[in-house]
Amino acid sequence: MTQRRRHSRPYSLVDIHVAVADVSRDGQLNDERPLHYALSQSDALISTSRLGRHILKGADQAGIPTIFNSLRPEVAGQYEPDGSVMRINAACRLFMRQGNLASLVAVMSDIRVHELAHGVQHHRTKTPDQDMMDDHHHVLTPRQAMLYLAHVEAAASSAQCQVAWEAKQKGHDSLWTTLRKQKTEDPILDAFEQEARANPASVEDGRAQRAAHDAWFQTPSKTKYYGEAMVRKFAKSYASIDELAQSGKDADRVQAIAQYHQNQRAVDPRELRELGDFGGSANHLNVPGQRPLTDDYYRVDQHPDHAAAFAAIDQQRAQLIESHRAHASVGAGSKPADCTPGPTPDHAADRPQKRPAVALATP
């Protein structure tokens, strides 16, 4: 277990906890102090942007801690709704490629903008009755869950663009330059910059950020990564349910899970619009005259890379629901049709032991 200590220096708006990552030293910075320094300086850089200040304020109000941890090498950072914590990967290859402290601060700042944006999304959309950031893959049908996740990620990526552009206009171009170096962000940055230069007011009213948001859906590195992640999640879930059903050990539990799947619903457009509300700045998902957020344009599940996989998931879900209906019909004479043994969202066969984090990958 890592030991956490609180920074005593008052240089952050958020509650920063720093832990020495429990990972191999091979391939890491020889001294972790540069990472600590970059973290300590990131708020000042982010705060040169109006949206950046709103995101930091939202994270501060939500009490989201930032810690160093060991994650997969391609993942720079992640926000975990379960626990409401942001993790930074001390062993990330992206950190290893930085040649000086200034570029390290810029990379750290970009990562934090994206992940803290997820944190603000989480706390602004969470209600006492529902936590969509945590449970969208249970509450919504698989295809609708994919739609929701894609908008979650596109909104955070567009926030990165907005913050980097605003900082650049204030004379701090390191955030924008850092995003450009990643190459995978180019279509999103291009869309933002084109709109911003053609219509300078679009930076203020959300149109430039909306252009970046929509460009996310035409960026193969994004749709492929997150589409595959969602397919794996549902494949694992249905495999667990099938294994439980084949064992014959807990038929009632399988039926309870099946009924829960039968009750899955479509996403409400209002739930999607809320993902662009970072507080104080224009919500780019409320900009008038844009395509509906449920439009086929945003349907990652319909992309050629994922169409067959989601068709298979549809079939698995249909078979599960049909088995529940048949079971309920057979048992109707001996017990009530609604035989669900209490609330079902926490059934282990349908939910991974560790809830999913919203991660920023750096392939």
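Sequential numbering from 1 along the given sequence is applied to the chain's residues.
A distance of 6.0 Å or more separates the ring centres of His284 and Phe192. No close placement of the His54 and Phe278 rings is indicated, their centers lying 6.0 Å or farther apart. A ring-centre distance under 6.0 Å is found for His36 and Phe68.
Between Glu193 and Arg180 a salt bridge is recorded (basic side-chain N to carboxylate O distance below 4.0 Å). Classification of Lys222 and Glu185 as a salt-bridged pair holds, one side-chain N sitting under 4.0 Å from a carboxylate O. The pair Arg143-Asp314 meets the salt-bridge criterion, with a side-chain N (NZ, NE, NH1 or NH2) lying under 4.0 Å from an Asp/Glu carboxylate O. Note on Glu271 versus Arg265: salt bridge recorded, some NZ/NE/NH1/NH2 to OD/OE distance being below 4.0 Å. Using a cut-off of 4.0 Å between Lys/Arg side-chain N and Asp/Glu carboxylate O, Lys224 and Glu228 are scored as salt-bridged.
The hydrophobic clustering, which links ILVMFWY residues whose side-chain heavy atoms are closer than 4.5 Å, places Ile46 and Trp165 apart. Hydrophobic cluster membership differs between Val203 and Val287, with clusters built from Ile, Leu, Val, Met, Phe, Trp and Tyr side chains linked at under 4.5 angstrom. Taken together through direct or relayed side-chain contacts under 4.5 Å among Ile, Leu, Val, Met, Phe, Trp and Tyr, Met133 and Val75 form part of one hydrophobic cluster. When the side chains of ILVMFWY residues are joined at heavy-atom separations under 4.5 Å, either directly or via intervening members, Leu293 and Leu140 end up in a single hydrophobic cluster. Phe217 is connected to Val267 through a chain of hydrophobic side-chain contacts under 4.5 Å among Ile, Leu, Val, Met, Phe, Trp and Tyr, so both are in one cluster.
Looking at heavy atoms from C-beta onward, Ile188 lies out of side-chain contact with Ser158 at the 4.5 angstrom threshold. Using a 4.5 Å heavy-atom cutoff, the side chains of Leu320 and Ile241 are in contact. Leu101 is listed as a side-chain neighbour of Pro34, based on a closest heavy-atom distance under 4.5 Å. In this structure, the side chains of Asn69 and Ile88 stay at 4.5 Å or more apart for every pair of heavy atoms. With contacts defined as side-chain heavy-atom distances shorter than 4.5 Å, the pair His261/Tyr238 qualifies. Side-chain atoms of Leu175 and Lys168, non-hydrogen and from C-beta on, never get closer than 4.5 Å to each other. No side-chain heavy atom of Leu147 sits less than 4.5 Å from a side-chain heavy atom of Val300. Considering only heavy atoms from C-beta on, Lys126 stays 4.5 Å or farther from Asp134 through its side chain.
Rounded to the nearest 0.5 Å, atoms CD1 (Ile321) and CD1 (Ile257) are 13.0 Å apart. Atom CD of Gln160 sits about 5.5 Å away from atom CG of Leu179, to the nearest 0.5 Å. Atoms CD and CG, on Gln144 and Asp268 in that order, are 10.5 Å from each other to the nearest 0.5 Å.
The closest donor-acceptor contact from the side chain of Asn283 to the backbone of Arg273 lies under 3.5 Å. Side-chain N or O atoms of Ser40 include one that pairs as donor or acceptor with a backbone N or O of Tyr37 at under 3.5 Å. Between the Asn199 side chain and the Ala201 main chain, no donor and acceptor come within less than 3.5 Å of each other. Between the side chain of Glu80 and the backbone N or O of Val85, no donor-acceptor pair lies under 3.5 Å. Ser237 places no side-chain N or O within donor-acceptor distance of the main-chain N or O of Lys233, the cut-off being under 3.5 Å.
Side-chain atoms of Gln259 and Gln255 include no donor-acceptor pair closer than 3.5 Å. No donor-acceptor contact under 3.5 angstrom links the side chains of Tyr298 and His151, judged on distance only. Checking Gln194 against Asp190 by side-chain atom types alone, no donor-acceptor pair falls below 3.5 Å. Using modelled atom types and a 3.5 Å distance limit, the side chains of Arg317 and Gln264 yield a donor-acceptor pair. A donor-acceptor contact under 3.5 angstrom links the side chains of Arg112 and Ser42, judged on distance only. For the residue pair Ser157/His213, the side-chain donor-acceptor check at 3.5 Å is not satisfied. Under 3.5 Å, the side chains of His114 and His118 contain a donor-acceptor pair of N or O atoms.
The minimum heavy-atom distance linking Ala167 with Thr48 is given by the pair CB-OG1, 3.3 Å. Across all non-hydrogen atoms, the minimal contact from Gln209 to Leu51 is OE1-CD2, 4.1 Å. Shortest non-hydrogen contact noted between Leu39 and Thr66 is CD1-CG2, 3.9 Å. Residue Glu153 comes nearest to Tyr226 through the heavy atom pair OE1-OH, 3.2 Å, listed as atom of the first residue, atom of the second, then distance. Of all non-hydrogen atoms in Ser202 and Glu195, the two that sit nearest each other are OG-O, 3.2 Å. Met146 and Asp301 get closest at one heavy-atom pair: CG-N, 4.0 Å.
Ring planes of Phe310 and His306: perpendicular class, angle over 60° (limits at 30 and 60°). Under the 30°/60° scheme for interplanar angles, the aromatic rings of Tyr260 and His138 are found to be tilted.
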